[in-house]
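Whatever order the structure lists ligands and atoms in, that order sets their numbers, starting from 1.
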Amino acid sequence: MIKVLDLHKSFGKNEVLKGISTEINEKEVVCVIGPSGSGKSTFLRCLNRLEEITSGEVHVNGINIADSKVNINQIREDVGMVFQHFNLFPHKTVLENVTLAPLKVKKENKEMAKQAALALLEKVGLGEKANAFPASLSGGQKQRVAIARALSMNPKVMLFDEPTSALDPELVGDVLQVMKELALEGMTMVVVTHEMGFAREVGDRVFFMDDGLILEEGTPGELFDRTKHERTKEFLSKVL
Ligand code: ADP
Ligand code: MG
């Protein structure tokens, strides 16, 4: 589903990604962990071209997204993204937040978009909040709306960048539960997270990023219990 070949990304003289090569299979859940500043968000943003790639290749569902001729809207349809801060439109209702992209980008029929959005809101446990405004929701509820909004485009891949980092601890579980259900349904997911329990339980593979590279990767068992690199051990000793 995703194939990355020698991906480099620099901001000016600052080389942030230093040659990442990896493949992520359909229906796979990959959790990305690593210290702050190691390039996790930049890596994720290169997967849907929120960042221009400096060199290398990124193929998503057979499309080379580094190709300047590629339709950026097609990429954004195929790859949904959920951020740490939910970025909901404050003056639109929950339902309007979820139907906006299908109506504007996909030109979907209004009633069909509404029915699909209501089904997605049910799925994330917020069916009764359709007509509420974001300000009246908890952080966890807002994040679940953001997930429903990303799913409204029927993406082939979902990217999550620390989706629970801004939430009060008691609100984290509901969001992780929604993500876990999505994983069980077979969604291909790349999840940058500090939730090591989630990575261990839901991840098929875990990437440890350090200084712009995937330093170590493996199954959760390999990465957490049979850690190879000293650097990974040191990181895990601080977060576990
Ligand atoms: P992480 O998500 O692992 O904390 P990031 O990918 O956000 O790391 O950042 C990695 C490095 O890239 C940091 O040094 C950061 O300052 C730099 N960086 C990220 N985005 C930008 C940007 N838009 N412009 C300049 N530097 C950036
Ligand atoms: Mg980040």
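For Q74 and D78, the side-chain atoms include at least one donor-acceptor pair closer than 3.5 Å. With hydrogens and angles left out, the side-chain atoms of S38 and D210 include no donor and acceptor closer than 3.5 Å. Counted by atom type alone, E28 and T188 present zero donor-acceptor pairs between their side chains at under 3.5 Å.
Atom NZ of K106 sits in a crowded spot, with more than 12 heavy atoms from other residues, nucleotides or ligands closer than 6.0 Å. Counted within 6.0 Å of NZ on K27, heavy atoms from surrounding residues, nucleotides or ligands total 12 or fewer; the atom is thus considered open.
Considering backbone and side-chain atoms alike, G39 places an N or O below 3.5 Å from some N or O of ligand 1. Between E51 and ligand 1, no N or O atom pair is found at a separation short of 3.5 Å.
Judged as a side-chain hydrogen bond (donor to acceptor under 3.5 Å, both in side chains), and not counting sequence neighbours, the contacts of E57 are H59.
Atoms of ligand 1 found under 4.0 Å from any heavy atom of V16, numbered from 1 in the order shown, are 10 (C), 11 (C), 12 (O), 17 (C). Close approach to P35 involves these atoms of ligand 1, each under 4.0 Å from a residue heavy atom: 3 (O). Of all the atoms in ligand 1, the ones that sit under 4.0 Å from a non-hydrogen atom of T42 are 5 (P), 6 (O), 9 (O), 19 (C).
Looking at S38, G212, G37, it is G37 that brings a heavy atom closest to atom 4 (O) of ligand 1.
Ion pairing between a basic and an acidic side chain is recognised when a charged N comes within 4.0 Å of a carboxylate O; E201 and K180 show such pairing. Under the 4.0 Å criterion applied to side-chain N and carboxylate O atoms, R149 and E96 are not assigned as salt-bridge partners.
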### Query
Can you list the steps and then say if K233 with E216 is a salt bridge (Lys or Arg N to Asp or Glu O under 4.0 Å)?
CA-CA 11 Å; K233 284 182 192 163; E216 182 164 357; over 6 Å; no
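Taking 2.8 Å as the limit, the number of protein N, O or S atoms around the Mg ion (ligand 2) is 1.
Note that atom 15 (C) of ligand 1 has no protein non-hydrogen atoms nearby, at separations under 4.0 angstrom. For atom 12 (O) of ligand 1, a protein heavy-atom neighbour is found at a distance under 4.0 Å.
No donor-acceptor distance shorter than 3.5 angstrom exists from the side chain of S10 to the backbone of G12, with no hydrogens or angles considered.
At the top of the distance list for atom 7 (O) of ligand 1, counting protein heavy atoms only, stands S41 CB, 3.7 Å. Here the heavy atom of the protein found nearest to atom 24 (N) of ligand 1 is F11 CD2, 3.3 Å.
With rounding to the nearest 0.5 Å, the separation of CZ in F160 from CG in L182 is 5.5 Å.
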